[in-house]
Amino acid sequence: MEGECHWSVTSSTGDAVLFSYPAASLCSIFALIVAVLCNLVRHLNASKWPVITKESVLRLLGIRLGDIPTTVILDSAAAVDALVRRADAFSDRPAGGGATTIISNGRLQITTTVPYGPHWVRLRRNLSSEAFHPVRGLARAAPHRARALAALVDDIAACSAGGGGGGAVPVRECLYAALFALNAATCFGDGVDGELVEAMRAAQQDFLRILPSFGVFATFRKVARLLYRDRWKQLVHSRRRQEEMYLPLIRARQERRGTATATTTSYVDTLLDLEVPDEGDPRERRKLSDGEMVGLVSEYLGAATGTVLALLEWTLANLVLRPGIQSRLRREVEAAGGGACAYLRAVVMESLRRHPPVPSVQRHMSRDVVVGSTPVTRGTLVDFSLEEIGRDGKIWTSPEEFIPDRFMPGGEGEGVRLTVGSSKEAAKVMMMPFGAGRRICPGMGYAMLHIEYLLANLITAFEWHPVEGEAVDLRAEHGFFTTMLRPLRARAVPRVKQA
Ligand code: HEM
């Protein structure tokens, strides 16, 4: 309702009470005061005076900006039942998520945030059937892949020759530069200036670092904007930076498309061709606005870089720690000479199981449902923990161990697939690092292709060892993606003479 603001206030007994303000009656103001006093007494009883910060005052009032009641699901059978078999109820994400949606107050949508419906179908189909089409998309990106790999190998060789770090390779930095350049090329097409790519990478990295802190704007946005003015300014500033960099490149592609010979060779080209349902009249179609384009480009660069980067870093860290697995993988890749490699796939699958870059998927409930045996009420967020599902001790032997052999013939993970299709297959789901159901990751094919391509080449170009005196730390940091807490540094010994 326009002009009305709803406050969720938690009483001392933990019950949530909803107030309507400014239409609040005397009664609800009285109840608010009682709730504040109850919270105050509870905090005083907790032995220490609370430190007075903005957050502690809000906590005293029982207000948690950005908090949506959440039910966490750890069980794979319950997850598949909900996400796949009852997809009608489990196909929306929370409305407030994503910087584009937050900044535009829900007017602009990207694939990740748009509610299930005709608009989502258009965005999604554009990704799966155009940008990531096996021939029109993935095959055409081959020259970009080869260039990114060559630059990456040179970069690693230069670091291992002693350039600055005494021979220790800052693996994350090297991978980040190569992957971002690759994704910028598939996004904008050929010929984007190297310095600009570097500036875009820095801006995107910065944006992803602060993105989780924008969760406070997911509910009571007007109040949150007043209380977190600096954070809001940061969000707006960071989106402006993206606009300044992306829009000229989008315009250049638009002009190029005006010429008779131009073909579709980039994600931006597909977006320029795309038409989505007009909100005013759903029978009509309209082109995407500048704001939507910037949001979709940011989503593409962020999702395609951060996930693959995290997975490759985790995989290399495990291979540095396990020379036996590393040399078996190298032998297989070299013997295959570009053909199929079962062990390479097994290593990647084990990495996805053990270190899923996206720890969980969320669905927003627009009606009351039951998940497994848990009743979930309308308005609640259901969080399916991909991490826990992949490490379920009832499904996997020694789930914390890194054992690629479990995905080889005769292993407990033989035949495990990453997509869940028919109900028969659904019964066998043992991991879902790309999610499941209608909103399953559309970039899965693109990601798997690049992970296997880069890993196979990095493992044959170098021998990977720990840096003397430095332990490889497999502890995780849970940010927007799950990454290594301490970025991997390794010694990479070139196996073939670099040109
Ligand atoms: C190792 C690599 C990747 C992993 C582990 C991963 C994982 C995921 C997961 C778990 C989801 C949520 C699925 C769900 O809600 O059921 C997702 C969604 C999504 N991913 Fe990925 N992803 C990866 C690579 C990519 C790439 C390369 C792109 C390319 C742009 C991409 C774009 C997206 C998009 C647009 C969505 C939202 C889909 C929708 O809502 O319909 N991802 N991803």
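We count ligands from 1, going down the list as the structure has it; atoms in each ligand are counted the same way. Computed from heavy atoms alone, side chains included, the values below leave out hydrogens, waters and symmetry copies.
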Check your understanding: For atom 29 (C) of ligand 1, which protein heavy atom lies nearest, and how many Å away is it?
Key -> F132 CZ, 3.5 Å
Exercise for review: Among all protein heavy atoms, pick out the one at the shortest distance from atom 18 (C) of ligand 1; state its residue, atom name and that distance to 0.1 Å.
Suggested key: C441 CA, 3.8 Å
Review point. Relative to each other, are the rings of F214 and F207 parallel, tilted or perpendicular (30° and 60° limits)?
Key: tilted
Review point. L296 versus E299: any side-chain heavy-atom pair under 4.5 Å?
Key: yes
Check your understanding: Just which atoms of ligand 1 are under 4.0 Å from any heavy atom in V361?
Key -> 10 (C), 12 (C), 13 (C), 14 (C), 15 (O), 16 (O)
Point to revise | Test side-chain contact (heavy atoms from CB on, under 4.5 Å) applied to I73 and S385, step by step | key: CA-CA 6 Å; I73 302 296; S385 172; over 6 Å; no
Check your understanding: Going by heavy atoms, is L311 under 4.0 Å from ligand 1?
Key -> no
**Study point:** Heavy-atom pair of closest approach, residues F481 and G306
**Key:** CE1-CA, 3.6 Å
Check your understanding: Would you call the rings of Y446 and H450 parallel, tilted or perpendicular if under 30° counts as parallel and over 60° as perpendicular?
Key -> perpendicular
Review point. Which residue and non-hydrogen atom of the protein lie closest to atom 33 (C) of ligand 1, and at what distance in Å?
Key: P442 CD, 3.6 Å
Practice item. Could you see which bit of R124 sits under 4.0 Å from ligand 1, with heavy atoms only: side chain, backbone, both or neither? Key: side chain
Point to revise | Per-atom contacts, ligand 1 versus A304 - under 4.0 Å to a heavy atom | key: 26 (C), 27 (C), 29 (C)
Point to revise | For atom 28 (C) of ligand 1, the protein heavy atom that lies nearest, with its residue and separation | key: G443 CA, 3.8 Å
Exercise for review: Examine the side chains of T100 and R239 and answer whether a donor and an acceptor come within less than 3.5 Å of each other.
Suggested key: yes
Check your understanding: Does CD in E173 sit with more than 12 non-hydrogen atoms of other residues, nucleotides or ligands closer than 6.0 Å?
Key -> no
Revision key, fill the gap. Logged contact type for V358 with ligand 1, heavy-atom cut-off 4.0 Å, is side chain
Study note, to complete from the structure: Here the pair of heavy atoms bringing R241 nearest to A202 is NH2-C, 4.5 Å
Point to revise | Atom of Y343, atom of R328 and distance for their closest heavy-atom approach | key: CE1-CZ, 3.4 Å
Review point. If we only count N/O pairs under 3.5 Å, is W120 in contact with ligand 1?
Key: yes
Review point. Of the non-hydrogen atoms in V297 and I250, which two are nearest, and what is the gap between them?
Key: CG2-CD1, 4.3 Å
Review point. Closest non-hydrogen protein atom to atom 13 (C) of ligand 1, residue and atom name please, with distance?
Key: R439 O, 3.1 Å
Check your understanding: Can you list the ligand 1 atoms lying under 4.0 Å from a non-hydrogen atom of A447?
Key -> 2 (C), 24 (C)
Review point. Does any N or O in the side chain of Q204 come within less than 3.5 Å of the main-chain N or O of S298, such that one atom is a donor and the other an acceptor?
Key: yes
Revision key, fill the gap. For Y446, the ligand 1 atoms with a heavy-atom partner under 4.0 Å come out as 27 (C)
Review point. Where does R93 meet ligand 1, judged by heavy-atom distances below 4.0 Å: at the side chain, the backbone, both, or neither?
Key: side chain
Check your understanding: Who's the nearest protein heavy-atom neighbour of atom 4 (C) of ligand 1, and how far?
Key -> F434 CE2, 3.4 Å
Review point. Among all protein non-hydrogen atoms, which one is nearest to atom 5 (C) of ligand 1, and what is the separation to 0.1 Å?
Key: P433 O, 3.5 Å
Check your understanding: For ligand 1, which part of R363 has a heavy atom less than 4.0 Å away: the side chain, the backbone, both, or neither?
Key -> side chain
Review point. Looking at Y300, which atoms of ligand 1 are within less than 4.0 Å of one of its heavy atoms?
Key: 30 (C)
Exercise for review: Note the single closest protein heavy atom to atom 32 (C) of ligand 1, along with its residue, its atom name and the distance in Å.
Suggested key: A303 CB, 3.6 Å
Check your understanding: At under 4.0 Å between heavy atoms, which part of L386 makes contact with ligand 1: side chain, backbone, both or neither?
Key -> side chain
Exercise for review: May I ask you to check whether F407 and W396 place their ring centres under 6.0 Å from each other?
Suggested key: yes
Revision key, fill the gap. Any heavy atom of A436 under 4.0 Å from ligand 1? The part involved is backbone
Check your understanding: Residues in salt bridge (Lys or Arg N to Asp or Glu O under 4.0 Å) with R475, at least two apart?
Key -> D473
